[in-house]
Amino acid sequence: MKVKLIENGPIILEAEGPVSYSAAGSSEQKTGSVALCRCGESANKPFCDGTHKKAKFEAPPAELVIQ
């Protein structure tokens, strides 16, 4: 799994297989990547809805690879 913190943007979780997650009382499984809110302003938490652009969120990029 790869975790990317996008400069001034969301956290991107990238997995080679399915990713399971629970949010707001429901569980889902998705293949590929998931964008998580990092600015705290998303109306769709914990997922990113692009509000970081309007909020002028600023944060440095980073990357973590879990093997």
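Computed over heavy atoms, backbone and side chain alike; hydrogens, waters and symmetry mates excluded. Residue numbers count from 1 along this sequence. A quick note: this is a predicted structure, and the numbers were derived from the prediction, not measured.
Cluster membership check: F47 shares its hydrophobic cluster with V3, using side-chain heavy-atom separations under 4.5 Å among Ile, Leu, Val, Met, Phe, Trp and Tyr. Hydrophobic clustering (side-chain heavy atoms under 4.5 Å, transitive across Ile, Leu, Val, Met, Phe, Trp, Tyr) keeps L13 apart from V65. In terms of hydrophobic clustering, with Ile, Leu, Val, Met, Phe, Trp and Tyr side chains grouped at heavy-atom distances under 4.5 Å, V34 and L5 are assigned to a common cluster. In this structure, I66 is a member of the same hydrophobic cluster as L36, with clusters built from ILVMFWY side-chain heavy atoms closer than 4.5 Å.
Distance CD1/I6 to CD/E63: 8.5 Å, rounded to 0.5 Å. Put simply, NZ on K45 and SG on C37 are 6.5 Å apart, with the number rounded to the nearest 0.5 Å. The distance from the CD atom of E41 to the NZ atom of K56 is 13.5 Å, given to the nearest 0.5 Å. Rounding to the nearest 0.5 Å gives a distance of 10.5 Å between CD1 of I11 and SG of C39.
When side chains are defined from C-beta on, F57 counts as touching R38, because their heavy atoms get closer than 4.5 Å. The closest side-chain heavy-atom distance from M1 to E14 is not below 4.5 Å. By the 4.5 Å heavy-atom criterion applied to side chains, E7 and P60 are not counted as neighbours.
Within a 6.0 Å sphere centred on CD of E16, heavy atoms belonging to other residues, nucleotides or ligands number 12 at most.
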Report task. Decide yes or no on side chain to side chain donor-acceptor pair (under 3.5 Å) for D49 and T51, but give the supporting numbers first. Result -> CA-CA 6 Å; D49 67 0; T51 304; 2.4 Å; yes
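Closest approach of H52 and G9 over heavy atoms only: CD2-CA, 3.7 Å.
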